[in-house]
There are 2 protein chains.
Amino acid sequence: MVTIKDVAKATGVAPSTVSRVIADNPRISAETKKKVRKAMKDLGYHPNINARNLVAKSTKAIAVIMPSSADKALQNPFFPEILRGIGSITHSMQYSITLSSGQTEAEIFEEVQRLVHGSYVDGVILLYSRLEDRVTSFLREMKFPFVIVGKPYENMNEITHVDNDNFVAGKEITRHLIENGHEKVAFIGGSKELFVTIDREAGYEAALQEAGLEVSDSYKIHTEFLKSGGREAVETLLSLDIPPTGIVITDDLMSVGVLSLLEESGVRVPQDISLVSFNNVYLSEIIRPALTTVDIQIHELGAQSAKALIEKTVNKSEPVKRISIQHQIVYRDSVSKRLK
Amino acid sequence: MVTIKDVAKATGVAPSTVSRVIADNPRISAETKKKVRKAMKDLGYHPNINARNLVAKSTKAIAVIMPSSADKALQNPFFPEILRGIGSITHSMQYSITLSSGQTEAEIFEEVQRLVHGSYVDGVILLYSRLEDRVTSFLREMKFPFVIVGKPYENMNEITHVDNDNFVAGKEITRHLIENGHEKVAFIGGSKELFVTIDREAGYEAALQEAGLEVSDSYKIHTEFLKSGGREAVETLLSLDIPPTGIVITDDLMSVGVLSLLEESGVRVPQDISLVSFNNVYLSEIIRPALTTVDIQIHELGAQSAKALIEKTVNKSEPVKRISIQHQIVYRDSVSKRLK
DNA sequence: CTGTTAGCGCCTTCAT
DNA sequence: ATGAAGGCGCTAACAG
């Protein structure tokens, strides 16, 4: 390994001078700079990050924590996409990403402790948000910079987070159904412990009420991730006295499941039932009918969270922020106009 | 930050002694160990990883390189899954993962250089394999430990890689179609630059030949990732004089696209056409009809590659390995028996 | 068994 | 504008 000393020796200057050249210190003559830089290139010098971190007490690295993989949800294309968003920022700022997943919540907790205590990273992005999460409490206690993608369960004004306005999004997409003549619209969401579900559902209800439509519990389904369980739920929905003509579903991947179930039962989409959902994942575009869905800008969600986090790590007194990412409805073919 | 010195002072021993109990050095008395450990706990001591790395000249970290995100393929659930596989091993061995993606190939190359030159990581896992890849050549030149998930384009016996036996898998899944009475079977694959495609296609042809069936070019389609392009391809296939009754598709996600296209054209699966594909991603289970697909054990692919890489990093003279992960056909509902 | 010393590669005063 | 010296936190000889 070629070190700063080697470069110094080769150039006939002191190590400190080389160090200054690296930092592009203005009080080094242009001449020596050129000389030193040449030597660096010739020798193939690259700064050793560990040595640098050691003295700088900073790592220029952030950790990204994925939800425990008990969540089957991990197969959701949401994750690669958000990672790309984060990566676009980290790359441009010369930061690295340390990825951390884990089978269980405990494993993740361990890992995070290791990461922050060992000074592996300068900050943490949480790709989930759970009630009474030890990781969150730990990070707060340590006063360690972190941001949550989504909505924190507690201390919302004290935790920087980036999220969509899921309430409004839910309202708008439901309204779209209503405007197309649907008066019986159902809701299928994931776990009601999740804020995404809660918010989108609240938006759904608000749209209904706004239109003077009835909000009925029998029209609302919560299912983890539809396999057998979701199946029955959908069947129940269909066998109602007055089955819905439109469904709001909180996730494109779930929509695919529902869609399949429906068509299997001979119900056609959108002729018999209209579907709308959230995320605008690639999948929603290749499936038939292509899904009308709200684009939540996953990439941007990632980019903004990385940006906010990095700002926080360089300036610890950066104020708490609550960043809201725009959403936009993408109109495709899963909604039909219904004559009254 | 509490350091080894603080612990030493608090315990009344030398820093080196503390260092030794951290390493659980056998020649330290049980008594002092206990004493020191207590102090560590009381003070909340945690080793500083950078300092340690600096002297150890090892980072206990590996980099995972994702394909350039020009590949829309990144939304494939394949990635989160393989990351989990890698994570399961790294976690258990106390390694960390540095994730690296990038918009372009050049960006990735830069990043990898930074990672290896700066001693960020001890080894690299490549989640892609491309012809004349600068990253690969660079890693080889540097003699830096790396493994490829998939099949290297060059120097196959000099590069440790973990892969499925895609030829056999392709053959078996095609044979399954044939055994169900399908004599006209088509093939839809991704870019023919990719080894996965090539291997699976070769298997497909082998099965056909084995059964004495004709291999026809008009039955073979290569499409990046079916949007508009794939659409036409499928239509062409259907309008053939003798349209196929079965299709082998190299990826579940593509299958979903094809499936949708087919049903849109009024072709029923599996009644009119049977479909089989690869990967056994969660999606293939929730879609209707559920897909008969070959499970390539993505998780295991990740785990084995991490294991092989770590072995290589601790023992540079570890021999080159070629690890093949078992596959297994998962029979579901996308294939129908066809009477002759 | 434990303490002392040196040094990993870099940055940063403090001099000059 | 540059050099010399010290130290970041840790480990690894080398002494005892």
Side-chain angles (χ1 to χ4, degrees), chain A residues 1-40 43-61 94 114-122 314, chain B residues 1-40 43-61 94 114-122 314:
Chain A
M1 164 168 272
V2 19
T3 79
I4 235 176
K5 278 187 190 165
D6 301 320
V7 179
K9 211 165 287 174
T11 332
V13 300
S16 50
T17 303
V18 178
S19 177
R20 287 193 259 258
V21 174
I22 294 171
D24 203 14
N25 188 314
R27 7 181 245 194
I28 295 288
S29 76
E31 200 183 355
T32 32
K33 272 190 185 171
K34 214 173 72 182
K35 213 170 45 179
V36 171
R37 293 216 173 97
K38 181 172 184 318
M40 295 200 306
L43 299 181
Y45 167 81
H46 289 269
N48 179 307
I49 197 63
N50 287 117
R52 176 178 288 177
N53 287 347
L54 183 56
V55 16
K57 287 178 181 333
S58 132
T59 63
K60 298 247 277 173
Q94 304 247 58
R114 206 171 62 95
L115 292 179
V116 345
H117 278 142
S119 315
Y120 280 84
V121 294
D122 293 345
V314 308
Chain B
M1 162 166 271
V2 19
T3 79
I4 234 175
K5 277 187 191 167
D6 300 320
V7 180
K9 210 165 289 174
T11 332
V13 300
S16 52
T17 302
V18 178
S19 176
R20 287 187 183 104
V21 334
I22 293 171
D24 203 15
N25 187 315
R27 352 182 259 193
I28 296 287
S29 74
E31 200 184 355
T32 30
K33 272 190 185 170
K34 214 172 72 183
K35 213 170 46 179
V36 171
R37 292 216 173 95
K38 182 172 184 319
M40 296 199 306
L43 299 181
Y45 168 80
H46 289 271
N48 179 308
I49 197 64
N50 286 117
R52 178 179 287 177
N53 287 348
L54 182 56
V55 18
K57 288 179 179 331
S58 133
T59 62
K60 298 247 276 175
Q94 305 246 61
R114 207 171 61 95
L115 291 178
V116 344
H117 278 142
S119 314
Y120 280 83
V121 294
D122 294 344
V314 308

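Residue numbers start from 1 in every chain, and the chains themselves are labelled A, B, ... in the order their sequence lines are given, proteins ahead of strands.
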Exercise for the section: May I ask you to say what A:G118 touches in the nucleic acid, namely base, sugar-phosphate or nothing, with a heavy-atom cut-off under 4.0 Å? Expected result: nothing
Practice task
Using a 4.0 Å heavy-atom cut-off across all strands, classify B:V18 as base, sugar-phosphate, or nothing.
Solution key: nothing
Handout entry: 5' precedence on DNA chain C between A:M1 and B:P26 (nearest-nucleotide basis)
Key = B:P26
Under the rule for side chain to side chain donor-acceptor pair (under 3.5 Å), what residues qualify as partners of [X], not counting sequence neighbours?
X	value
B:T59	B:D122
A:K57	none
B:R114	B:Y120

Taking only N/O atoms, report every protein-nucleotides 12-16 of chain C pair under 3.5 Å with atom names and distance.
none

Which residues pass the salt bridge (charged side-chain N to carboxylate O under 4.0 Å, His left out) test with [X], not counting sequence neighbours?
X	value
A:R52	none
B:K33	B:D24
B:K38	B:D42

Exercise for the section: Return each pair, listed once, that meets salt bridge (Lys or Arg N to Asp or Glu O under 4.0 Å) where at least one residue sits in residues 1-12 of chain A; pairs must be two or more places apart or across chains. Expected result: none
Fill in the blank from the handout: One would report the end-axis bend of the helix from C:dC1-D:dG16 to C:dT16-D:dA1, five pairs per end and rounded to 10 degrees, as 40°
Practice task
Could you tell me whether the phosphate oxygens of C:dC11, OP1 or OP2, come under 4.0 Å of any side-chain nitrogen or oxygen in A:K57?
Solution key: no
Exercise for the section: Check DNA chain C against residues 28-38 of chain A and give the residues with a non-hydrogen atom under 4.0 Å, in numerical order. Expected result: none
Problem - Between P of C:dC10 and CG of A:L54, the distance in whole Å - result: 12 Å
Fill in the blank from the handout: Taken to the nearest whole Å, NZ/A:K9 to P/C:dG9 is 12 Å
Handout entry: Partners meeting side chain to side chain contact (heavy atoms under 4.5 Å, CB included) with A:E31 (sequence neighbours left out)
Key = A:S29
Fill in the blank from the handout: Counted 5' to 3', the first and last nucleotides of DNA chain D within 4.0 Å (strictly under) of a heavy-atom of chain A are D:dA1 to D:dG9
